[in-house]
Amino acid sequence: MKRDLKKLISQMTLEEKAGMCSGLDFWHLKGVERLGIPSVMVSDGPHGLRKQDDKADHLGLNDSIKAVCFPPAVLSACSFDRDLMYEFGDAIGKEAQANDLSVVLGPAVNIKRSPLCGRNFEYYSEDPYLAGETAAAFINGVQKHHVGTSIKHFAANNQEFNRMSASSDADERTLREIYFPAFETAVKKSQPYTVMCSYNRINGTYASEDPWLLTEVLRDEWGFEGYVMSDWGAVNERVAGLKAGLELEMPSSGGINDREIVDAVKDGSLSEAVLDQAVERILNIIFQYTDHREEQEFTLEADHELARKIASESMVLLKNDSVLPLKETEKIAFIGEFAKKPRFQGGGSSHINSFCVSNILDEVSGNANITYAKGFPSDADTYDEALAREAVSAAKDADKAVIFAGLPDSFESEGYDRSHMRLPECQNRLIDEILAVQSEVIIVLHNGSPVEMPWLSRVKGLLEAYLGGQAVGGAIADILFGRVCPSGKLAETLPYKLSDNPSYLFFGAGEHVEYREGVFVGYRYYDSKEMPVAFPFGYGLSYTNFAYSNLKVSLSELSDNDTVTVTVDVTNTGSVEGKEVVQLYVSDLTHAVRRPIKELKGYEKVSLMPGEIKTVSFTLDYRSFAWYNTQIKDWYAAAGDYEILIGASSRDIRLSENIRLTTQKLLPLHVHMNTTLGELLADERTANYAADIKERMLSFFGSTTTDADGSGDTAITEEMNIAMAASMPLRNIASFGLCSKEDLLAMIDEMNRQ
Ligand code: BGC
């Protein structure tokens, strides 16, 4: 049905229009009954429904309906699997239709700048390409059902400390290359019905009232067609927000801000056309949902099984010195309360009221020979000697010990950041004690963000289960006992220690948080620095092996509007069926600007039977090679060579091939008196002039000199002269008397006129 929204809006009073721009209550938008505009509901969240029927809050304090808690983003992103994310979104879309929810408040795609951010468990990755692709697939799955999503938190919301007032101060290149692309990709590939603006300020301006962010970038450049809603309570000045492009304020402001809008229209400080446009955008999305209501049936049980599949395809096997998979004939000690009470989700607005939770003890087969010892509590850092003694003796009596470790709920949550990266002391201590009596030790981690692992070199197995969703127990059992071949890969680097993280010196405190590490976030930093890390980005083991061969790049030269196809063969060389995530990184060899040593530009997950070979294909375009140039306010890749790297992680590059870019795009030329000779030499448009100037400079410096000490050693070589000349500004040509100032100015003019 095509609705005439403009006509509908013309029938609304000013008060009704202003009213449409804020919530009715915590979770509903207002309706206008006399005009047939329904009041629709929105609800968290990204990994399951948190529909609150009674008492409402945005901090996860009060109960919501019983629902399925799928794996939070920290885990699902490790699937590196677009199809799986689509299936995940499809299930959420169906559940939302069945529960009459018009918009699901997710996915959350903020970049993991520091391991300390309390909300990292809700975010996908340190890499914007992976976060964007993952989000787009999820959104397409949800919106197939005409249920909207609200991609959040736009933008640069990378910490919880003072999240409602702090300013994320980052230069534009960093925003464009690191903190924006996940939103940009999602807008371009999946057109989310809504975008949720963040609480924080960006370079001093509240995201909720930033016209550059909400209109110029989001709508004019990327083509966003839905409406922007505020995070809960993120509105600072309502009228400024509306003008900037914030259509909907959530939740209700009790009528205060609606009145401000009405007054502003009346006194002429707000054009009514701006209000009308906002209302039209909101109505458009409301009706997209209400005009396409679907009869949806779903069962919590079937979705529980999907949650289990997503979890087992995402958990990352980090270490396996021939201890896994476990065999049912072995005597195994399960240690740690997380085995019984797994931590499977984080705290705050995404907290789901799970209809059931599976733990590993319920999931092992009846034939398995398992003992369980609590060892330590799952919710506190308290060492209990009796519990520890019992656990050590269980470990000693077994063939292998599996320790279920992790972070208690209080260690990480929405609303605050961690202050360190350590596991509870009681856990590290018990792990040490067990290692003293048992050499076959496997650790299973339940955490929303990286932890230090002081015992890493001494354990034989390590499974990063992250926060696994309510089917966590089944998924871990599937991997530990080899029913599922692990195929998750890390969506973030695991550093050895907190101080290795690039934001370490600048994270957190202060009204202005300076993003001084710039674009060097995650592996972009660790890999450029060649810094040892516990596990690199993209890393994850399997129970089988894969060989890479036959890399082909369809073009050896690429120009601006070309696309290039890259193919590579992957063979399962082991003896079980498995899945591999093939990763494509690009390295800029032109050195035209300081850039990370490599950046992810493609990935594909393939499933292979033993002995099977598949060809994996990627498409790259100009943007795949480009960085954001603030001088031209556009993406730019310099002409020259680039390396295409194919790997199994950011540090396990198996094959590579160079490609040459012959771009027509040139940066504007602006030569002035202080342009250096070196800059002129590097630009082909000025190289001729520069060669001549260089000769003059060198002859001015005179020939190389020998030391006065009579040794005959050369004091100043030609190379030194050239290096010195390269840093000379043009003004020196005149001041050294190598040409007149008038001639120099004429030459500069000539160069600039090209
Ligand atoms: C969170 C959002 C959430 C909203 C509603 C806010 O506190 O930042 O992510 O969607 O509450 O619960």
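Atoms within a ligand are numbered from 1 in the order they appear, just like the ligands themselves. Index from 1, following the sequence. Hydrogens, waters and symmetry mates play no part in the numbers below; they use all other heavy atoms, side chains included.
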Quiz item: Do C78 and K489 have side-chain heavy atoms sitting under 4.5 Å apart?
Solution: no

Quiz prompt | Under-4.0 Å salt bridge between D171 and R516 | solution = no

Exercise. Inspect the contact between R343 and E412 and indicate whether a charged nitrogen and a carboxylate oxygen are less than 4.0 angstrom apart.
Key: yes

Heavy-atom distances under 4.0 Å are what count here, so tell me which part of [X] touches ligand 1: side chain, backbone, both or neither.
{"X": "F26", "result": "neither"}
{"X": "R119", "result": "side chain"}
{"X": "M250", "result": "neither"}

Quiz item: So is there a nitrogen or oxygen of E414 less than 3.5 Å from a nitrogen or oxygen in ligand 1?
Solution: yes

Quiz item: N/O of Y199 under 3.5 Å from N/O of ligand 1, yes or no?
Solution: yes

What atoms of ligand 1 come closer than 4.0 angstrom to any heavy atom of [X]?
{"X": "R50", "result": "12 (O)"}
{"X": "M196", "result": "10 (O)"}
{"X": "S349", "result": "1 (C), 2 (C), 3 (C), 9 (O), 11 (O), 12 (O)"}
{"X": "D44", "result": "3 (C), 5 (C), 10 (O), 12 (O)"}
{"X": "L105", "result": "10 (O)"}
{"X": "W27", "result": "5 (C), 12 (O)"}
{"X": "K152", "result": "2 (C), 3 (C), 9 (O), 10 (O)"}

Self-check item: Exercise: identify the closest heavy-atom pair between G522 and P502
Solution: N-CG, 4.1 Å

Self-check item: Nearest non-hydrogen partners of I282 and M20, listed with the distance
Solution: CD1-O, 3.5 Å

Quiz prompt | F287 six-ring centre to R3 NZ/CZ under 6.0 Å and within 45° of normal | solution = yes

Quiz item: Within the distance-only criterion (no hydrogens, no angle test), does the side chain of S230 pair as donor or acceptor with the backbone N or O of W232 below 3.5 angstrom?
Solution: no

Quiz item: When you look at F88 and F138, which way does the ring pair (Phe, Tyr, Trp, His ring centres under 6.0 Å) test go after all the steps?
Solution: CA-CA 7 Å; F88 183 177; F138 175 83; 5.2 Å; yes

Exercise. Give a yes/no on ligand 1: does E122 have at least one heavy atom closer than 4.0 angstrom to it?
Key: no

Quiz item: Does one side chain, of N162 or S165, offer a donor that lies under 3.5 Å from an acceptor on the other?
Solution: no

